[in-house]
Peer 1: 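I'd like to ask you about the structure that follows.
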Amino acid sequence: MPVASSQRWGLVLLKVGSPEFMVSLADSQALFAKYQMAIHNEPPEQCNPRTFYEFLVDSPLEPWHPRDGLPQGYGSFHQQYWMDGRLIAVGVIDILPRCVSSVYFYYDPELGQLSLGTYASLRHASCISTVVCFREICLTRSLHGHSSVLQYYYMGFYIHTCPKMRYKASYSPSFLLCPEVYTWHPVNECKIRLDQNKYCRFNDDPNARDKDGDVVLNDVLVLSHQRAMSYCIYVAMDRMDRNVDDAEEVMQYARLVGMKCARRMFLVRT
């Protein structure tokens, strides 16, 4: 009979220097290195603290804690899983106003030898991933109770030919994004197509297109010399002393992020 164990999980905000983050930093780094070497066969020199920091700590998201927001605020977090005082798994997630986005997950490879009943029947990699996804889905539901606009859980990339990612398609309802039109489609329908072709357009309408990809260059917002402005104003103000034509670069940026975002965030120009 499995021996009862003490289990807990908690969110740690990725804020370098904060006591809450620093107290478990060494444990997180050690677990990450152990996982990368055992599961991905990476050499020890590639699993150093610098790699860990650049990959899973240095987030572009700034912590945001509005008065009417979620109790823990928004930003990047490590969702830690502890058993008997030992860190056994970490889910790296971004909590945004409308969704919880899964970034990466690593765990102690020794969990593969755990017996039934130990930490919710974690016996092999697929079970570990399943339990973590369940936890993150529960977290999303809990956060939805605090903010009704937060209602989506993004599991990250899905690679149909990768066995380690197949578990992501087992949840329902789940959807995949069309790589050409950016519309959402039921994962079960997409799987049938992906069994036949590695690359698929999921939208059947040949006339459908990504309207957000129609770039209006002059409407793109830029930040130049600490001043916010539209691209057309930036060009007019800087026309006399500009030596480089960056229109194509700005156009490429707008295509990548879409005009909806290009009209809401700033592209820094120096």
Side-chain angles (χ1 to χ4, degrees), residues 39-40 55-56 59-61 70 74-77 79 91-107 124-216 219-220 251-265:
I39 303 301
H40 295 293
F55 184 28
L56 298 177
S59 170
L61 298 180
L70 300 175
Y74 303 94
S76 297
F77 294 82
Q79 189 169 19
V92 184
I93 60 175
D94 291 336
I95 299 181
L96 305 171
R98 295 182 181 273
C99 71
V100 172
S101 178
S102 180
V103 177
Y104 198 68
F105 170 67
Y106 58 98
Y107 61 90
H124 50 79
S126 61
C127 284
I128 294 169
S129 300
T130 298
V131 172
V132 168
C133 285
F134 176 74
R135 278 292 190 185
E136 292 180 355
I137 291 172
C138 288
L139 172 65
T140 305
R141 288 176 173 174
S142 174
L143 297 178
H144 175 72
H146 292 280
S147 175
S148 59
V149 297
L150 193 155
Q151 52 187 312
Y152 300 107
Y153 170 53
Y154 293 110
M155 300 178 70
F157 289 112
Y158 173 76
I159 302 175
H160 190 64
T161 55
C162 178
K164 291 182 180 179
M165 289 195 175
R166 287 293 184 97
Y167 74 92
K168 294 184 179 183
S170 64
Y171 295 89
S172 180
S174 292
F175 302 85
L176 290 181
L177 193 66
C178 177
E180 296 183 5
V181 186
Y182 299 105
T183 50
W184 294 98
H185 302 268
V187 68
N188 288 333
E189 297 178 8
C190 299
K191 285 169 59 180
I192 297 174
R193 301 186 180 201
L194 291 171
D195 284 336
Q196 301 172 351
N197 298 287
K198 292 183 178 180
Y199 178 83
C200 295
R201 173 189 170 109
F202 301 139
N203 194 307
D204 288 327
D205 183 358
N207 297 318
R209 60 186 180 87
D210 175 27
K211 296 181 180 179
D212 197 39
D214 294 337
V215 174
V216 181
D219 289 355
V220 176
M251 181 77 73
Q252 182 181 17
Y253 154 79
R255 290 195 192 102
L256 289 172
V257 303
M259 279 307 298
K260 183 181 294 185
C261 289
R263 289 188 175 103
R264 298 176 61 186
M265 60 188 190

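What's counted below: heavy atoms across the whole structure, side chains too, no hydrogens, waters or symmetry copies.
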Peer 1: List in chain and number order the residues that pass ring pair (Phe, Tyr, Trp, His ring centres under 6.0 Å) with Y253, two or more places apart in sequence or in another chain; answer none if no residue qualifies.
Peer 2: none

Peer 1: Between L177 and Y154, is there a side-chain heavy-atom distance shorter than 4.5 Å?
Peer 2: no

Peer 1: Give a yes or no answer on whether the side chain of K168 reaches the backbone of M155 with a donor-acceptor pair at less than 3.5 Å.
Peer 2: yes

Peer 1: A quick test of your reading: do over 12 heavy atoms of other residues, nucleotides or ligands sit less than 6.0 Å from CD of Q252?
Peer 2: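 Counting other residues, nucleotides and ligands, CD of Q252 stays at 12 neighbours or fewer.
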
Peer 1: Run H185 and N203 through side-chain contact (heavy atoms from CB on, under 4.5 Å) and show every step you take.
Peer 2: CA-CA 8 Å; H185 302 268; N203 194 307; 3.9 Å; yes

Peer 1: Tell me which donor-acceptor pairs under 3.5 Å the side chains of residues 137-147 have, and how far apart each pair is, sequence neighbours excluded?
Peer 2:
from, atom 1, to, atom 2, distance (Å)
T140, OG1, E136, O, 2.8
H144, ND1, S148, O, 3.2
H144, ND1, L150, O, 2.9

Peer 1: Output yes when D204 and R193 qualify as a salt bridge under the 4.0 Å nitrogen-oxygen rule, no when they do not.
Peer 2: yes

Peer 1: CZ/F202 to SG/C178 distance, rounded to the nearest 0.5 angstrom?
Peer 2: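 F202 atom CZ to C178 atom SG measures 7.0 Å (nearest 0.5 Å).
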
Peer 1: If I compare all heavy atoms of A254 with all of V220, which pair ends up nearest, and what's the gap?
Peer 2: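 For A254 versus V220, the nearest heavy atoms are CB-CG2, 3.9 Å.
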
Peer 1: Should the pair D219-R263 be classified as a salt bridge under the 4.0 Å nitrogen-to-oxygen rule?
Peer 2: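 Salt bridge: yes.
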
Peer 1: Got a donor-acceptor contact below 3.5 angstrom from the R166 side chain to the S170 backbone?
Peer 2: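 Checking the backbone N and O of S170 against the side chain of R166, no donor-acceptor pair under 3.5 Å is found.
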
Peer 1: Distance check, rounded to the nearest 0.5 Å: E180 atom CD versus C200 atom SG?
Peer 2: 10.0 Å

Peer 1: Check the pair V100, D94 against side-chain contact (heavy atoms from CB on, under 4.5 Å), reporting the backbone distance first and the verdict last.
Peer 2: CA-CA 6 Å; V100 172; D94 291 336; over 6 Å; no

Peer 1: Do R209 and D214 come within less than 4.5 Å of each other through their side chains, counting heavy atoms only?
Peer 2: yes

Peer 1: What pairs with H160 under ring pair (Phe, Tyr, Trp, His ring centres under 6.0 Å), at least two apart in sequence or on another chain?
Peer 2: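 Counting only residues at least two positions away or on another chain, H160 forms a ring pair (Phe, Tyr, Trp, His ring centres under 6.0 Å) with Y158.
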
Peer 1: I need the F157 CZ to S102 OG distance, nearest 0.5 Å.
Peer 2: 12.0 Å

Peer 1: Evaluate the ring planes of Y106 and Y104, with Trp represented by its six-membered ring, and classify them as parallel (under 30°), tilted (30 to 60°) or perpendicular (over 60°).
Peer 2: tilted

Peer 1: With a cut-off of 6.0 Å (strictly less than), are more than 12 heavy atoms of other residues, nucleotides or ligands near OH of Y199?
Peer 2: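 It does: Y199 OH has more than 12 such atoms within range.
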
Peer 1: Okay, side chain of D212, backbone of K260: is any donor-acceptor separation there less than 3.5 Å?
Peer 2: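 Yes; judged by distance alone, with no hydrogens or angles, the pair exists.
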
Peer 1: Sequence neighbours excluded, which residues qualify as ring pair (Phe, Tyr, Trp, His ring centres under 6.0 Å) partners of F175?
Peer 2: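 Partners of F175 by the ring pair (Phe, Tyr, Trp, His ring centres under 6.0 Å) criterion come out as none, since no residue qualifies.
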
Peer 1: For Y74, what residues pass the ring pair (Phe, Tyr, Trp, His ring centres under 6.0 Å) criterion, not counting sequence neighbours?
Peer 2: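 Y74: ring pair (Phe, Tyr, Trp, His ring centres under 6.0 Å) contacts with W64.
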
Peer 1: Are Q196 and L194 close enough, and set up right, to give a side-chain contact (heavy atoms from CB on, under 4.5 Å), and what steps lead you there?
Peer 2: CA-CA 5 Å; Q196 301 172 351; L194 291 171; over 6 Å; no

Peer 1: For the pair L96 and L61, evaluate side-chain contact (heavy atoms from CB on, under 4.5 Å) and give the outcome as yes or no after the intermediate values.
Peer 2: CA-CA 9 Å; L96 305 171; L61 298 180; 3.7 Å; yes

Peer 1: Could you tell me if the side chain of V215 sits less than 4.5 Å from the side chain of R255, heavy atoms only?
Peer 2: yes

Peer 1: I'd like to check the side chain to side chain donor-acceptor pair (under 3.5 Å) partners of N197; sequence neighbours left out, ordered by chain and number.
Peer 2: none

Peer 1: If we only count heavy atoms from C-beta on, is the Q79 to V92 side-chain gap below 4.5 Å?
Peer 2: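 Not touching, per the 4.5 Å side-chain cut-off.
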
